[in-house]
Amino acid sequence: HEHDAIRGRIDAAFAIGPILVAVGGAELFTANNLMVMAWADRRVHTREVLRAWSVVYVGNAESNEVIVLKLDRQSGDLTAVEKMPIPGITKAGGSTPMAVSPDRRFLYASLRSEPFSVASFGIDRSTGALKPQGTTALPDNMANIATDRTGRWLFAASYGGHKLSVSPIGPDGVVATNGLIQDALV
């Protein structure tokens with residue numbers, strides 16, 4: 001049928017995207033393009049766009065750190081700004097999912113080892129350096145985290161635990177403990 005043929009083309013297109021990113025060095029559409037759209041809508045200042053394109057955060061689950069790197073736009077070299085220990089980790093996890101608030105004031109790192117939690121960091125606007133703000137328990141080993149457009153809610157999802165959570169974020173960037181937890185298999 002015609003719908004099946006169209007669905008097959010759409011599925012193939014979505015499958016090609018991650019391959020281009022991983023193998024070909026391409027970039028996901030949503031990352032820089034949505035930032036440019038926010039800049040065009042005057043929701044983000046030019047200096048914030050340039051800073052976002054020049055600071056990189058790498059979660060290292062083995063050393064329990066977030067590594068902050070600065071990109072030299074002339075040479076393409078990355079220089080270490082700092083290695084920030086992630087508080088509250090007792091043993092290494094499999095990965096460190098991270099999210100940055102829409103206003104670029106806070107970074108959130110999900111801790112995938114026990115105790116399951118999210119660490120909140122303030123971001124220095126001039127250097128990109130991090131300052132620990134707090135650590136809050138999460139209901140499970142959350143592999144995905146993201147904030148909403150306002151930066152007032154943290155969404156988290158786990159694969160193995162089949163859980164979704166929505167937690168409020170305070171003005172200080174710290175995730176509150178009284179979030180909504182939903183079994184994802186409902």
Side-chain angles (χ1 to χ4, degrees), residues 18 21-22 25-39 43-138 141-157 167 169-176:
V21 171
E27 201 161 320
L28 290 175
F29 176 81
T30 54
N32 289 325
N33 291 303
L34 289 179
M35 182 178 292
V36 170
M37 292 166 59
W39 172 79
R43 291 184 293 155
V44 186
H45 295 287
T46 301
R47 64 177 149 49
E48 292 174 309
V49 172
L50 294 175
R51 186 181 69 244
W53 287 344
S54 62
V55 176
V56 178
Y57 298 99
V58 178
N60 186 337
E62 194 167 305
S63 67
N64 301 325
E65 299 171 316
V66 175
I67 302 163
V68 182
L69 303 167
K70 186 124 184 148
L71 172 68
D72 181 322
R73 284 181 256 159
Q74 298 295 330
S75 68
D77 292 338
L78 288 172
T79 305
V81 172
E82 72 176 338
K83 291 182 179 181
M84 174 59 66
I86 302 172
I89 295 180
T90 56
K91 69 177 191 172
S95 64
T96 309
M98 294 184 291
V100 175
S101 64
D103 61 6
R104 308 259 185 239
R105 292 179 49 219
F106 303 105
L107 177 124
Y108 302 97
S110 175
L111 311 180
R112 297 195 61 204
S113 59
E114 292 185 23
F116 303 130
S117 55
V118 61
S120 304
F121 297 93
I123 299 174
D124 182 287
R125 290 190 176 270
S126 61
T127 66
L130 301 174
K131 178 183 177 190
Q133 300 291 107
T135 302
T136 304
L138 287 175
N141 177 344
M142 302 307 219
N144 297 294
I145 62 171
T147 65
D148 74 317
R149 288 176 38 181
T150 68
R152 293 178 18 207
W153 300 94
L154 182 79
F155 303 103
S167 304
I169 299 173
D172 60 355
V174 176
V175 177

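Computed from a predicted structure; not experimentally measured.
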Is a side-chain N or O of [X] found less than 3.5 angstrom from the main chain of [Y], in a donor-acceptor match?
| X | Y | value |
| --- | --- | --- |
| Y108 | G173 | yes |
| E65 | G59 | no |
| T136 | V118 | no |

Can you tell me how far apart [atom1] ([X]) and [atom2] ([Y]) are? Round to the nearest 0.5 Å.
| X | Y | atom1 | atom2 | answer |
| --- | --- | --- | --- | --- |
| M84 | I67 | CE | CD1 | 12.0 Å |
| I145 | R112 | CD1 | CZ | 11.0 Å |
| L107 | K131 | CG | NZ | 15.0 Å |
| S113 | N141 | OG | CG | 8.5 Å |

With sequence neighbours left out, what residues match R152 under salt bridge (Lys or Arg N to Asp or Glu O under 4.0 Å)? none
Which atom of [X] lies closest to which atom of [Y], heavy atoms considered:
| X | Y | result |
| --- | --- | --- |
| V55 | T127 | CG2-O, 4.3 Å |
| V66 | A109 | CG2-CB, 4.5 Å |
| D124 | S126 | OD1-OG, 2.7 Å |
| F106 | D172 | CE2-O, 3.2 Å |
| R149 | P102 | O-CG, 3.3 Å |
| M142 | P97 | O-CG, 3.7 Å |

Full working for side-chain contact (heavy atoms from CB on, under 4.5 Å) between R105 and I123: CA-CA 5 Å; R105 292 179 49 219; I123 299 174; 5.9 Å; no
So, do [X] and [Y] sit near enough that their side-chain heavy atoms are less than 4.5 Å apart?
| X | Y | answer |
| --- | --- | --- |
| K70 | L78 | no |
| F116 | L111 | no |
| I169 | T147 | yes |

Verify side-chain contact (heavy atoms from CB on, under 4.5 Å) between T96 and S110, making sure each step is shown before the conclusion. CA-CA 6 Å; T96 309; S110 175; over 6 Å; no
Show, in sequence, the C-alpha distance, side-chain angles and deciding distance for T79 and L69, and conclude whether the side-chain contact (heavy atoms from CB on, under 4.5 Å) test is met. CA-CA 5 Å; T79 305; L69 303 167; over 6 Å; no
Tell me every residue that passes side-chain contact (heavy atoms from CB on, under 4.5 Å) with A119, counting only those two or more places apart in sequence or in another chain. I86, P87, F121, T135
Taking only residues two or more places apart in sequence or in another chain, which ones pass side chain to side chain donor-acceptor pair (under 3.5 Å) with T150? D148
